[in-house]
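Only one structure is covered here, and it is reproduced in the block below.
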Amino acid sequence: MSLRYFKTDLMWGSYMRQFFLISFVVSVLSALAGAVPAAAENNSFGFFASSLQHYAQGSKRGDGTALPEKEKEEGRFRLSFMPNGFSVRSDTTEKIYDFKARQLLFIDHEKQTYLLSSLYAVPAFKIYEKKNREMMAEVMQKAGLPEKAVGKFELEMIFGAEANSEIAGAISFKTEDGKTGAYYKGEEVASYQSSAQRLSAVQQELFRKYLAYEHALHPAIAAHIAAESTIFSSLSYRNKAFGPPYLVERQYSLTETQPADGNAGRLPDSYKRIFAGDKRLNAVLELSQTAKQAVLADYLQLMEERLAAQDYRGVALVFFEYSIHYGDKEGLSQLGPFLKKALQDAPESSSAREMLAAIRQTPKTKEEAVKAVAVLEKMRGENMTHGYVLNIFQANYEAALGNGAKAIGLILESLQQNPFLAGAYKDLGDKYLQSYRMMDAWACWDRMREIAPHHGLTVPVNTFESQLRQQFPEYF
């Protein structure tokens, strides 16, 4: 299963792959930081941040315009601790990390909207994006372009590392005149100064998570900073990558400490929820909040009606629709006799058996997948009752053929007709995941578990999340 995550920067845009490469960073006001008073349990901390991004000559933006050799970004944000998480807020935008619920909220206070996502999306992205970068580096090496290959240390700085990473053991620290430097192979890759602002044990743990989520620091360096039990007064580090940009220099400075705003980390009741980044998925998820959900009795009535109308393909499609919706053995056992009779009574001209063969087969070759798609495509065009169920099966064949965008569109079409097809959300989440749209993937998987918590397809998602917790405990 291939996995990626799309993110937001600290200026609170929508999703951007560059979050860990070109995030919101800082400039130096360390003199102010020295005047910060001793800690209080509910203090919040103001920071000034800047980043200097370096681009190779001839680099261009996505719209084709030329990039400068250097480009600076700066701004301010506030970090506030809460009992179960923390908030990071700029002027009108805010991120709230809730570790009890394992959720991440992106709030636009100006538009009065919010997007609720899963914390799992972050480490999941880091794992798979790191793997992709490692493969890219290997390709560069084999192509005779070692200077273009990003090293393991650089990848671990940006995307994190497992606890037993060999790189962590090669990082050393040296403190001189109140400043601590982190060194790798003789190069100072990060430095920080501690403030007088002490952290409680709870705050220290949250601060460690803040460093993990909001900074592109090697975990060994982040752990060393958090172990000081203080907020840093200044922090600087750099990230190198196969750009653009190829180098980002980051600086953060603590500018003020004050009692936490009572509204920090609170979501106003009047704000409107945005369910997903993909507008089509958002519309489907909104529909699922208000539409009436069919139950077993409804499906039994539908199958009886289709069988009485001698709509044998319709009987089969209703059976599969229930299976995708709920997937429970008890319900399927009650629906099964209708399907059995339909197959017994169906004449060859009904093409019910051909449809079932196309649905049930597991293509072993590209040619078999293409043939199955052709059969389903033809039947979908025949305006069958519950024909939208075929979309889900065709989508899996399309994905296997490399047609990911079409596969997503097909499943969304089926969910527009029945927004409670839990199994379809599982498949759709997989497709988003393969398309680097991690938050949309979890939006699908979470809705699946809300609709049918005991569906068999919830198991691989639950297992995957368990693996993430074990592999990256610092995020949870």
Side-chain angles (χ1 to χ4, degrees), residues 1-7 15-23 53-56 58-60 62 120-171 184-185 187 189 212-213 215-221 237-248 366 369 396 398-405 407-408 429-442 460-461 463-465 467-468 470-472 474-475:
M1 183 159 64
S2 175
L3 219 57
R4 291 184 184 243
Y5 163 64
F6 51 93
K7 310 158 284 289
Y15 309 89
M16 307 190 314
R17 284 192 72 213
Q18 299 299 321
F19 177 70
F20 295 101
L21 304 178
I22 314 174
S23 74
Q53 299 155 23
H54 299 255
Y55 298 95
S59 296
K60 295 183 178 181
Y120 288 104
V122 179
F125 167 79
K126 289 190 173 187
I127 292 172
Y128 287 91
E129 181 66 3
K130 182 182 173 187
K131 288 181 179 179
N132 289 333
R133 299 300 177 94
E134 288 172 343
M135 288 189 292
M136 186 183 299
E138 186 177 343
V139 169
M140 293 296 180
Q141 292 281 1
K142 290 181 178 180
L145 299 169
E147 72 280 2
K148 297 290 187 181
V150 179
K152 187 173 181 179
F153 169 76
E154 305 300 344
L155 292 177
E156 291 191 3
M157 276 284 284
I158 298 169
F159 301 112
E162 296 183 25
N164 60 351
S165 165
E166 295 180 2
I167 298 295
I171 299 173
Y184 179 71
K185 291 187 175 180
E187 178 192 358
V189 294
Y213 275 98
H215 292 271
L217 278 169
H218 194 283
I221 300 174
Y237 57 94
R238 93 296 179 275
N239 296 118
K240 293 180 181 179
F242 179 61
Y246 67 87
L247 171 65
V248 182
K366 179 180 178 181
N396 289 322
E398 296 285 3
L401 292 169
N403 304 324
I408 289 174
D430 292 348
K431 307 300 183 289
Y432 279 125
L433 189 141
Q434 294 159 7
S435 302
Y436 308 97
R437 298 158 82 168
M438 190 63 63
M439 289 187 180
D440 282 344
W442 252 277
V461 176
T463 300
F464 180 48
E465 291 180 344
Q467 292 171 345
L468 289 174
Q470 293 174 18
Q471 189 174 0
F472 285 82
E474 65 270 24
Y475 287 94

I need the minimum non-hydrogen distance between Tyr475 and Tyr213, along with the two atoms involved.
O-OH, 2.8 Å
What residues, two or more places apart in sequence or in another chain, satisfy side-chain hydrogen bond (donor to acceptor under 3.5 Å, both in side chains) together with Glu465?
Trp442, Arg449
Contact summary for Lys130 and Gly160, nearest pair of heavy atoms:
NZ-O, 3.4 Å
Is there a donor-acceptor pair closer than 3.5 Å between any side-chain N or O of Ser165 and the backbone N or O of Ile167?
yes
Quick one: CG on Asn396 to CG on Asp430, what's the gap to the nearest 0.5 Å?
8.5 Å
Rounded to the nearest 0.5 Å, what's the gap from CD1 on Ile221 to CD on Glu156? Could you check?
10.5 Å
Nearest 0.5 Å please: distance from the CD1 atom of Ile408 over to the CG atom of Asn403.
11.5 Å
For the residue pair Pro123 and Leu468, what are the closest heavy atoms and their distance?
C-CD2, 4.5 Å
Sidechain-backbone polar pair: His218 side chain, Ala220 backbone, donor-acceptor under 3.5 Å
yes
Is the shortest distance from a Lys or Arg side-chain nitrogen in Glu187 or Arg238 to a carboxylate oxygen in the other one below 4.0 Å?
yes
Of all heavy-atom pairs between Ala441 and Gly429, which one has the smallest distance, and what is that distance?
CB-O, 3.3 Å
Between Tyr237 and Ala216 (side chain of the first, backbone of the second, donor and acceptor by atom type, cut-off under 3.5 Å), is there such a pair?
yes
Taken to the nearest 0.5 Å, the spacing of Met135 CE from Lys131 NZ works out to 8.5 Å
When rounded to the nearest 0.5 angstrom, what is the spacing between NZ in Lys185 and CZ in Phe153?
10.0 Å
Nearest non-hydrogen partners of Lys431 and Ala399, listed with the distance
CE-CB, 3.4 Å
With side chains defined as the heavy atoms from C-beta onward, is the minimum distance between Val122 and Phe472 less than 4.5 Å?
no
Identify the two heavy atoms, one from Tyr246 and one from Tyr55, that lie closest to each other, and give their separation to 0.1 Å.
CE2-C, 3.5 Å
CD/Gln467 to CD/Gln470 distance, rounded to the nearest 0.5 angstrom?
7.0 Å
